[in-house]
Amino acid sequence: MSIFNERIDRRNTSSVKWEATKHLFGEEDLWPMWVADMDFKPPQAVITAIKERVEHGIFGYTFVPPSTSQAIAEWLLKRHQWSIEPNWLLYCGGVVQAISTAIQTFTEEGDHVLLQSPVYTPFFDMIEKNNRKIINAPLILDEDKYRIDFTAFENALKQGCKLFLLCSPHNPGGRVWIKEELEKIAELCLKYNCLILSDEIHSDLVYKKHKHIPIASLNEEIAEKVITFIAPSKTFNLAGLHASAVVIKNETLRTQFLETMRRQGSFSLNTFGITGMEAAYREGEAWLEDLLDYLQKNKDFAISYLKEHLPEITCIDSEGTYLLWLDCRKLGLSDKELRQRLLQKGKLALEPGPKYGPGGEGFVRMNIACPMDDLIEGLKRLKKAFE
């Protein structure tokens with residue numbers, strides 16, 4: 001039996017997914033399939049490493065050791081054929097924090113920042129909360145697959161965008177961008193002198209027949225204009241350890257980013273974040289391969305279930321991530337009605353599409369990184385919501 005079939009009670013652990021759902025959605029007895037964390041234990045090597053660190057018993061000030069940076073560099077080379085130097089790495093408590101830091105470092109208030117909706121909600125938040133202006137070049141949904149409108153993209157860049165926030169792989173649509181798309185993005189951003197902030201937190205969660213390509217790995221010229229954000233949090237279910245890495249080849253940009261971090265009073269990661277991160281990247285590969293097989297089975301089952309029981313709902317067949325983007329527009333319901341049906345009739349908590357900006361209307365996002373039995377329960381509730 002797969003280790004991922006184990007059902008683990010996460011209540012009384014301050015789990016956002018299992019204990020904050022009532023507060024956030026306003027209903028009792030909801031089945032949570034919204035926030036992007038997994039109901040799986042991480043690799044045993046991570047648990048063992050943290051236990052050993054706990055047993056040492058002293059938790060004073062800690063720095064990120066060279067061995068951690070080396071582990072990340074080796075992981076990126078093996079998994080993504082991206083050769084980096086360990087000294088290109090800086091560390092933040094999370095990718096969203098790092099994106100905010102980059103916006104503060106490389107733009108001024110009122111500057112234009114480009115994104116492509118529908119996209120991860122904090123992209124909007126970090127631009128707006130830092131008093132920058134959102135410029136949107138929406139993605140096109142073409143035959144159940146998102147594509148980039150490069151005419152709109154270039155027109156947006158012409159407005160003087162200082163930064164472009166790239167979501168790669170894409171959340172919520174699940175696209176894994178191909179080399180030609182990334183090359184065109186890079187070409188245009190270089191042409192208009194726009195720095196690329198590439199959120200690659202889902203880069204390890206890519207299904208077979210697809211390949212994640214770090215945009216900074218395309219060539220030396222573009223590498224100088226990219227800041228890449230990665231973390232073990234999605235890959236290994238370690239979000240609670242608050243550990244992410246920022247890859248910056250350009251020494252000037254790296255120094256500027258580090259200066260902003262220091263102004264914010266940010267100097268290192270917590271002890272267990274460092275320990276868990278290094279153990280995951282050093283010893284987590286076999287576990288990840290098993291996880292990807294399990295997620296593929298969950299995805300296939302969910303798509304098949306929807307075709308049989310809810311043909312009005314179209315599932316965008318994700319190429320990466322453990323998130324399904326469900327097109328509910330054929331139901332003929334408003335977003336408010338969708339929410340009411342899901343919460344009150346189905347007792348199911350999903351992420352509402354409008355959170356992801358223009359183009360998210362009529363969609364919901366479902367997290368399928370859970371034991372198969374829990375997925376089946378969620379799908380049954382989805383069916384009940386629209387009976």
Side-chain angles (χ1 to χ4, degrees), residues 3-4 6 8-20 35-76 78-79 84 86-101 122 199-205 228-247 257-258 261-262 264-288 290-291 322 367 369-370:
I3 59 171
F4 302 109
E6 182 184 1
I8 302 167
D9 187 354
R10 296 181 62 189
R11 290 168 295 186
N12 300 313
T13 64
S14 300
S15 165
V16 169
K17 182 175 184 178
W18 286 92
E19 296 179 78
V35 70
D37 77 357
M38 300 190 281
D39 289 321
F40 306 134
K41 289 181 180 179
Q44 184 58 45
V46 173
I47 297 171
T48 299
I50 291 174
K51 282 182 176 179
E52 290 176 354
R53 187 65 185 84
V54 168
E55 288 169 0
H56 178 267
I58 298 177
F59 313 113
Y61 292 115
T62 310
F63 65 91
V64 181
S67 59
T68 302
S69 297
Q70 188 62 40
I72 294 171
E74 291 171 3
W75 178 268
L76 291 174
K78 185 174 184 180
R79 298 294 298 188
I84 72 163
N87 66 357
W88 297 358
L89 291 162
L90 299 174
Y91 295 92
C92 279
V95 166
V96 174
Q97 175 190 342
I99 289 172
S100 181
T101 300
D199 177 358
E200 302 188 13
I201 197 170
H202 291 100
S203 57
D204 298 315
L205 297 168
T228 305
F229 308 97
I230 60 171
S233 50
K234 302 302 180 194
T235 307
F236 300 105
N237 204 29
L238 302 177
L241 295 185
H242 295 282
S244 75
V246 186
V247 189
F257 189 96
L258 183 58
M261 289 176 60
R262 286 174 173 164
Q264 296 170 340
S266 177
F267 297 98
S268 185
L269 300 178
N270 76 79
T271 299
F272 301 112
I274 296 167
T275 301
M277 174 184 274
E278 181 168 344
Y281 285 130
R282 285 206 180 279
E283 302 182 67
E285 187 170 40
W287 179 94
L288 174 59
D290 290 342
L291 170 71
Y322 50 71
N367 174 0
C370 58

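Model, not experiment: these values are computed from the prediction. Hydrogens, waters and symmetry mates are skipped; everything else that's a heavy atom, side chains included, is used. Along the sequence shown, residues are numbered consecutively beginning with 1.
- Across every non-hydrogen atom of Phe59 and Val54, the tightest pair is CZ-O, 3.6 Å.
- Here the closest non-hydrogen pair linking Asn270 and His242 is ND2-O, 3.9 Å.
- No donor-acceptor pair closer than 3.5 Å links the side chain of Asn367 to the backbone N or O of Ala36.
- Listed for the Glu200 side chain is no donor-acceptor partner under 3.5 Å among the backbone atoms of Ile230.
- Within 6.0 Å of atom NZ in Lys17, more than 12 heavy atoms from other residues, nucleotides or ligands are found, so the atom counts as buried in its surroundings.
- The aromatic rings of Trp287 and Phe236 sit tilted relative to each other, their planes meeting at an angle between 30° and 60°.
- With hydrogens and angles disregarded, no donor-acceptor distance shorter than 3.5 Å links the side chain of Asp39 to the backbone of Ile8.
- Here the closest non-hydrogen pair linking Ser233 and Ile201 is OG-CD1, 3.3 Å.
- Two residues are said to be in side-chain contact when any heavy atoms from C-beta on lie closer than 4.5 Å; Ile274 and Ser268 meet this criterion.
- Tyr281 and Trp75 have tilted rings, their planes meeting at an angle from 30° to 60° on a 0 to 90° scale.
- Formation of a donor-acceptor pair under 3.5 Å by the Thr101 side chain with backbone atoms of Gln97 is found in this model.
- The pair Arg282-Glu74 meets the salt-bridge criterion, with a side-chain N (NZ, NE, NH1 or NH2) lying under 4.0 Å from an Asp/Glu carboxylate O.
- Scanning all heavy atoms of the two residues, the minimum distance from Met277 to Ala245 falls at CE-N, 4.3 Å.
- Residues Ser69 and Tyr91 bring a donor and an acceptor atom of their side chains to less than 3.5 Å of each other.
- Glu278 contributes atom CD, which lies 10.0 Å from atom CD of Gln70 (distance to the nearest 0.5 angstrom).
- Put simply, the side chain of Leu291 reaches to within 4.5 Å of the side chain of Leu205, judged on heavy atoms.
- Among all heavy-atom pairs drawn from Ser15 and Trp18, the shortest one is OG-N, 3.1 Å.
- Remark: the backbone N or O of Ser203 is not paired with any side-chain donor or acceptor of Arg79 at under 3.5 angstrom.
- Between the side chain of Glu283 and the backbone N or O of Val46 there is no donor-acceptor pair closer than 3.5 Å.
- In terms of modelled atom types and a separation under 3.5 Å, the side chain of Thr62 and the main chain of Gly60 share a donor-acceptor contact.
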**OP:** Assess whether side-chain contact (heavy atoms from CB on, under 4.5 Å) is satisfied between Asp37 and Arg10, documenting all intermediate values.
**Re:** CA-CA 12 Å; Asp37 77 357; Arg10 296 181 62 189; 2.8 Å; yes
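- Looking at Ser244, its side chain does come within 3.5 Å of a backbone N or O of Cys92 through a donor-acceptor pair.
- Leu89 places a side-chain heavy atom less than 4.5 Å from the side chain of Val247.
- Remark: side-chain polar atoms of Tyr322 are not paired, donor with acceptor, to backbone N or O of Cys370 under 3.5 angstrom.
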